[in-house]
Amino acid sequence: MEKLIIEGGIPLRGHLKISGAKNAALPLIAATLLTPGRHILRNVPDLRDTRTFLKLMESLGVTWHYDGYSLNIDSTRLGFSEASYELVKTMRASVLVLGPLLARLGRARVSLPGGCAIGERPIDFHIRGFEKMKVNIRLEQGYVDAEIDGRLQGGSINFDIPSVTGTENILMAATLAQGTTVIKNAAKEPEIGNLVDMLVGMGAVIEGKDTDRLTIQGVEKLRPAECEIIPDRIEAGTYLIAVCATGGEATISGCNPSHLPSLLDKLRTAGCLIEEDGSSIHIAARGNGGGEFSIGSADIKTMPYPGYPTDLQAQFMALMSLSNSVSVIKETIFENRFMHVAELRRLGADIQTDGHTAVVKGVGTKGLLGAPVMATDLRASSSLVIAGLAASGRTEISRIYHLERGYEKLVDKLSNLGARVWKEQE
Ligand code: EPZ
């Protein structure tokens with residue numbers, strides 16, 4: 001296994017281009033199962049999760065070619081309809097093949113994803129939604145066994161919580177269902193808008209993009225896709241926070257500032273200077289002159305989009321650990337998303353948690369000291385990178401396979417911003 005070594009205390013400066021969004025690439029790859037043919041997806045990030053998803057697609061009979069940017073997928077021959085536990089346990093987003101397989105083949109057998117570090121991660125909303133579309137579903141031996149006699153039937157589906165992949169799964173299935181499907185309390189994340197654009201480009205009839213109510217008129221068939229993946233707002237947010245945390249100044253390009261309304265607001269509240277310009281954001285920490293800088297405090301409460309993203313909660317906690325005041329962080333989406341707290345404390349952070357609330361007493365921009373820490377999940381690991389970049393001395397982060405799931409060329413991108421960071425064998 002590899003670990004990441006960081007010599008901290010260096011302000012990040014320069015220019016960085018954001019990659020395509022992991023959480024758009026995964027559902028859009030799944031959507032190519034909906035119809036035979038050759039599909040082209042552009043701006044696909046090269047990540048552990050996208051490679052895992054392509055292994056799953058291969059196991060279903062799909063062939064593909066990826067050049068580091070464009071992904072060509074041929075889903076003409078779809079031989080199987082089972083997503084095995086071996087693949088699904090490493091990436092719960094594999095559940096996204098359920099909807100397309102049911103729409104295309106009328107049957108699917110997908111392993112239940114099992115929990116992960118941040119929570120139990122059930123898929124009951126997905127299952128209830130498919131049952132509303134007349135799918136017969138049996139849960140046995142850790143698998144979802146789903147099939148339908150004839151064609152999927154459109155229905156009215158109301159999510160208790162606006163589930164992102166739940167919305168994506170039902171949306172994909174509904175494009176080929178008989179009649180009309182209405183999804184109420186749908187999630188509104190930009191990645192869903194990207195999927196809507198792709199499906200409409202394939203011939204789907206969908207109204208309500210970017211709203212909490214999607215209406216889909218089922219069609220007989222779809223044509224192959226040609227679509228571009230949107231920029232990764234969580235990657236962009238992670239680097240914006242890292243620049244602030246190290247007292248640096250940088251331009252983040254190839255991103256979409258309108259996808260980060262809540263984070264930009266909170267960074268401004270914390271005193272960062274931010275200019276938005278089309279597809280780039282210029283950010284600088286609030287300097288006190290002579291290389292000194294300070295970070296103010298801001299409270300956050302994670303909410304479904306466009307509220308503050310849960311996927312940027314851990315990163316913001318690292319930033320608030322460096323502030324000159326106290327901040328309160330509430331996690332409302334997942335039940336166990338404070339795994340980074342114990343690790344941040346090892347670097348000197350002063351954080352008290354009580355259930356889903358963390359109170360962070362900033363120790364100032366020079367208050368963290370490097371130490372060995374362990375990554376527990378994707379976004380917690382990026383929080384440790386940020387803290388390590390800001391801490392003085394050396395930080396060693398073990399289990400960095402978590403990081404590689406969602407951050408493309410992380411060492412290159414940080415090194416290009418002046419960070420002293422490299423990988424070593426554990
Ligand atoms: C998506 O996960 C993202 N993953 C997550 O990003 C992200 O944190 C999450 O949305 C919330 O924004 C992908 O898009 C691949 P949910 P998803 O269904 O769809 C509960 C990352 O770091 N729920 O929106 O699995 C659930 O437990 C990952 O890139 C049910 O109870 O999340 C949670 O409390 C981590 N039953 C809430 O809803 C269900 O059937 C929202 O979950 C489904 C969800």
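Reckoned from all heavy atoms, side chains included, excluding hydrogens, waters and symmetry mates. We count ligands from 1, going down the list as the structure has it; atoms in each ligand are counted the same way.
- Between L199 and I206 the shortest side-chain heavy-atom distance falls below 4.5 Å.
- With a 6.0 Å radius and a threshold of 12 heavy atoms from other residues, nucleotides or ligands, R399 has its CZ atom at or below the threshold.
- Protein heavy atom closest to atom 18 (O) of ligand 1, with residue, atom name and distance, is S163 OG, 2.7 Å.
- Taking distance alone, with nitrogen or oxygen atoms compared against 3.5 Å, I118 stays at or beyond that limit from ligand 1.
- Taking each of N169, D311, L378 in turn, the one with a heavy atom nearest to atom 8 (O) of ligand 1 proves to be D311.
- For Y308 and F316, the gap between ring centers is short of 6.0 Å.
- With hydrogens and angles disregarded, no donor-acceptor distance shorter than 3.5 Å links the side chain of S111 to the backbone of Y143.
- Around the CG atom of D160, the shell of radius 6.0 Å holds more than 12 heavy atoms that belong to other residues, nucleotides or ligands.
- Of the polar atoms of T310, none of the N or O atoms is found under 3.5 Å from an N or O of ligand 1, judged by distance alone.
- Listed by atom number, the atoms of ligand 1 under 4.0 Å from K22 heavy atoms are 21 (C), 29 (O).
- Heavy atoms of other residues, nucleotides or ligands lying less than 6.0 angstrom from OH of Y66 number more than 12.
- If you number the atoms of ligand 1 from 1 as listed, the ones under 4.0 Å from a heavy atom of T165 come out as 17 (P), 19 (O), 25 (O).
- Between the E426 side chain and the S398 main chain, no donor and acceptor come within less than 3.5 Å of each other.
- Proximity annotation for atom 39 (C) of ligand 1: of P27, P122, G307, S94, P122 comes nearest, heavy atoms only.
- The ligand atoms of ligand 1 that sit less than 4.0 angstrom from a heavy atom of I123 are 39 (C), 40 (O).
- Given atom 23 (N) of ligand 1, the protein heavy atom at minimum distance is F125 CE1, 3.7 Å.
- Looking at E335 next to ligand 1, no N or O pair under 3.5 Å apart turns up.
- For atom 2 (O) of ligand 1, the closest heavy atom belonging to the protein is R121 NH2, 3.5 Å.
- At least one heavy atom of R92 lies less than 4.0 angstrom from ligand 1.
- Those atoms of ligand 1 that come under 4.0 Å of a heavy atom in D124, given as number and element, are 30 (C), 31 (O), 36 (N), 39 (C), 40 (O).
- Residue I333 has at least one N or O atom closer than 3.5 Å to an N or O atom of ligand 1.
- Around atom CG of D354, no more than 12 heavy atoms belonging to other residues, nucleotides or ligands sit under 6.0 Å away.
- The H126 neighbourhood of ligand 1 comprises atoms 40 (O), with distances under 4.0 Å to a heavy atom of that residue.
- The shortest N or O to N or O distance between A93 and ligand 1 is not under 3.5 Å.
- The side-chain contact (heavy atoms from CB on, under 4.5 Å) test with V110 is passed by exactly one of L96, L102, V97, D145: V97.
- In this structure, the side chains of T165 and H126 come closer than 4.5 Å at one or more pairs of heavy atoms.
- Atom CD of E140 has more than 12 heavy atoms from other residues, nucleotides or ligands within 6.0 Å.
- Residue, atom and distance of the protein heavy atom nearest to atom 32 (O) of ligand 1 are F334 CZ, 4.0 Å.
- Using cut-offs of 30° and 60° on the angle between ring planes, the pair Y305 and H259 is perpendicular.
- On a distance-only criterion, N23 and ligand 1 share at least one N/O pair closer than 3.5 Å.
- For atom 1 (C) of ligand 1, the closest non-hydrogen atom on the protein side is V164 CB, 3.8 Å.
- Near R337, with a cut-off below 4.0 Å to any heavy atom, the atoms of ligand 1 are 8 (O), 22 (O), 35 (C).
- The R379 neighbourhood of ligand 1 comprises atoms 21 (C), 22 (O), 29 (O), with distances under 4.0 Å to a heavy atom of that residue.
- I148 is not listed as a side-chain neighbour of R107, based on a closest heavy-atom distance of 4.5 Å or more.
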